[in-house]
2 protein chains.
Amino acid sequence: MPRSQRRRPALTHPDAAEIDLLDVLHALADPTRMTIVRTLRAEPERPCGTFPVDVAPSTLTHHFRVLREAGVIHQREDGNRRWTALRLADLDGRFPGLLDSILGAYETGPAAP
Amino acid sequence: MPRSQRRRPALTHPDAAEIDLLDVLHALADPTRMTIVRTLRAEPERPCGTFPVDVAPSTLTHHFRVLREAGVIHQREDGNRRWTALRLADLDGRFPGLLDSILGAYETGPAAP
DNA sequence: ACAGTTGTACGATGGTTGTCGAAAGAGAGG
DNA sequence: CCTCTCTTTCGACAACCATCGTACAACTGT
């Protein structure tokens, strides 16, 4: 039986119209989550365990939930893996240009010493 | 003796080059602070006590410190008052277009019910 | 059936945060 | 001097958050 038919808490994603800006900002205001989002922009979809972050798996699950409940990422199940993708269209539909602006600002580089 | 010469902890503002994006995002990811910044964009400078927020004065002081240490606002003392202003030029110099993009996104309105 | 892989759930923990009230400092004005 | 206004500091509190280890569940392969 595939996971999508299991009797377990399904992956909850907010509607595009329900995405709250403050939730998005809070989700992005964390170095680990920012790394996840940046990695995800370069590649359309990617399994959970393949992100260049240095935290425990359970911590990674926590960060994915924060991003998912904020409406930043989408996760789908496929066999044993959970594929993660940016909700680019939804985010850009609700807040045009915002994600590019924030990610672009991040590329400007860290603060000077 | 004016306040600027007092023996009290001076107002510390980070250098423009030291402004960290994650700190800015975290500072803006709060409804009270977002209201402060939005109010500040409409008016160039404004005394502390005149913001349309519904929190205790000590809480307001706390939020001003978060915004100031993130480099979002500048505060100067004048007699009995503390004038607060957006660091628009510094912010836009470091992260061009970012603040407009975020505030514009906020004007898009709250999440649908 | 069995072992390996992938990711989650739970419980705990130390740190951070938003909130407030009470007290106090500093200036303006009488 | 005394009082009033504006704002801060301190101490406290509950809530939240990032982190981890352990245990577990589901799928994949042999």
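Letters go in sequence order (proteins before strands), and every chain restarts at 1. On a predicted model such as this, the values are computed, not experimentally measured, just so you know.
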J.: Taking the side chain as everything from C-beta on, heavy atoms only, tell me whether B:Leu86 gets closer than 4.5 Å to B:Arg41.
T.: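 Yes; the side chains approach each other to less than 4.5 Å.
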
J.: Does OP1 or OP2 of D:dT7 have a side-chain N or O of B:Arg81 closer than 4.0 Å?
T.: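 No, outside the criterion.
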
J.: Rounded to whole Å, how long is the line connecting atom CZ of A:Arg82 with atom C1' of D:dC27?
T.: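 So the two atoms are 13 Å apart, to the nearest Å.
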
J.: If you define the side chain from C-beta out and look only at heavy atoms, does anything of B:Thr84 sit under 4.5 Å from B:Arg46?
T.: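 Side chain of B:Thr84 against side chain of B:Arg46, heavy atoms only: no contact under 4.5 Å found.
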
J.: Between atom CD in A:Glu77 and atom C1' in C:dT8, what is the gap in whole Å?
T.: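 Whole-Å distance recorded here is 10 Å.
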
J.: Quick check for you: among C:dG18, D:dC6, D:dT8, whose closest atom lies nearest to any side-chain atom of B:Asn80?
T.: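 Nearest nucleotide to the side chain: D:dC6.
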
J.: Starting from C1' on C:dG15, measure out to NE2 on B:His26 and report it in whole angstrom.
T.: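 Computing the B:His26:NE2 to C:dG15:C1' distance gives 13 Å.
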
J.: Under 4.0 Å between a side-chain N/O of B:Arg65 and OP1 or OP2 of D:dT8, yes or no?
T.: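 Checking D:dT8 against B:Arg65, no side-chain N or O comes under 4.0 Å of OP1 or OP2.
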
J.: Taking C-beta and beyond as the side chain, do B:Leu98 and B:Leu91 meet within less than 4.5 Å on heavy atoms?
T.: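 The answer is no; the side chains never approach within 4.5 Å.
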
J.: Within the distance-only criterion (no hydrogens, no angle test), does the side chain of B:Asp30 pair as donor or acceptor with the backbone N or O of B:Thr32 below 3.5 angstrom?
T.: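 Present.
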
J.: Starting at CG of A:Asp78 and ending at C1' of D:dT28, how long is that distance when rounded to a whole Å?
T.: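 After rounding, the reported distance stands at 12 Å.
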
J.: Check nucleotides 19-23 of chain C against the protein and report each pair of N or O atoms closer than 3.5 Å, with its distance, or say if there are none.
T.:
from   : atom 1 : to      : atom 2 : distance (Å)
C:dT19 : OP2    : B:His63 : NE2    : 2.5
C:dC20 : OP2    : B:Ala56 : N      : 2.9
C:dC20 : OP2    : B:Thr59 : OG1    : 3.2
C:dG21 : N7     : B:Ser58 : OG     : 3.4
C:dG21 : O6     : B:Ser58 : OG     : 3.0

J.: Find the distance A:Leu11:CG to D:dA26:P and express it as a whole number of Å.
T.: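 Interatomic distance, CG of A:Leu11 to P of D:dA26: 14 Å.
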
J.: Identify the heavy atoms of A:Leu22 and B:Leu28 that sit nearest to each other, and give their distance.
T.: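 Looking at all heavy atoms of both residues, the closest pair is CD1-O, 4.0 Å.
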
J.: Without decimals, in angstroms, what is the distance between B:Leu67 CG and C:dT17 P?
T.: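 Spelled out: CG on B:Leu67 to P on C:dT17 is 13 Å.
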
J.: In this structure, how many angstroms lie between the P atom of D:dC6 and the CD atom of B:Gln75, rounded?
T.: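 Going from CD in B:Gln75 over to P in D:dC6 covers 16 Å.
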
J.: Can you name the ring pair (Phe, Tyr, Trp, His ring centres under 6.0 Å) partners of B:His63, sequence neighbours left out?
T.: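 Per chain and number, B:His63 pairs via ring pair (Phe, Tyr, Trp, His ring centres under 6.0 Å) with no residue.
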
J.: So, A:Arg33 side chain and A:Ala27 main chain: donor-acceptor pair closer than 3.5 Å or not?
T.: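 At least one qualifying donor-acceptor pair exists.
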
J.: Please state how far atom CG in B:Leu25 lies from atom C1' in D:dC17, giving the value in whole angstrom units.
T.: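 Rounded to whole Å, this separation is 17 Å.
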
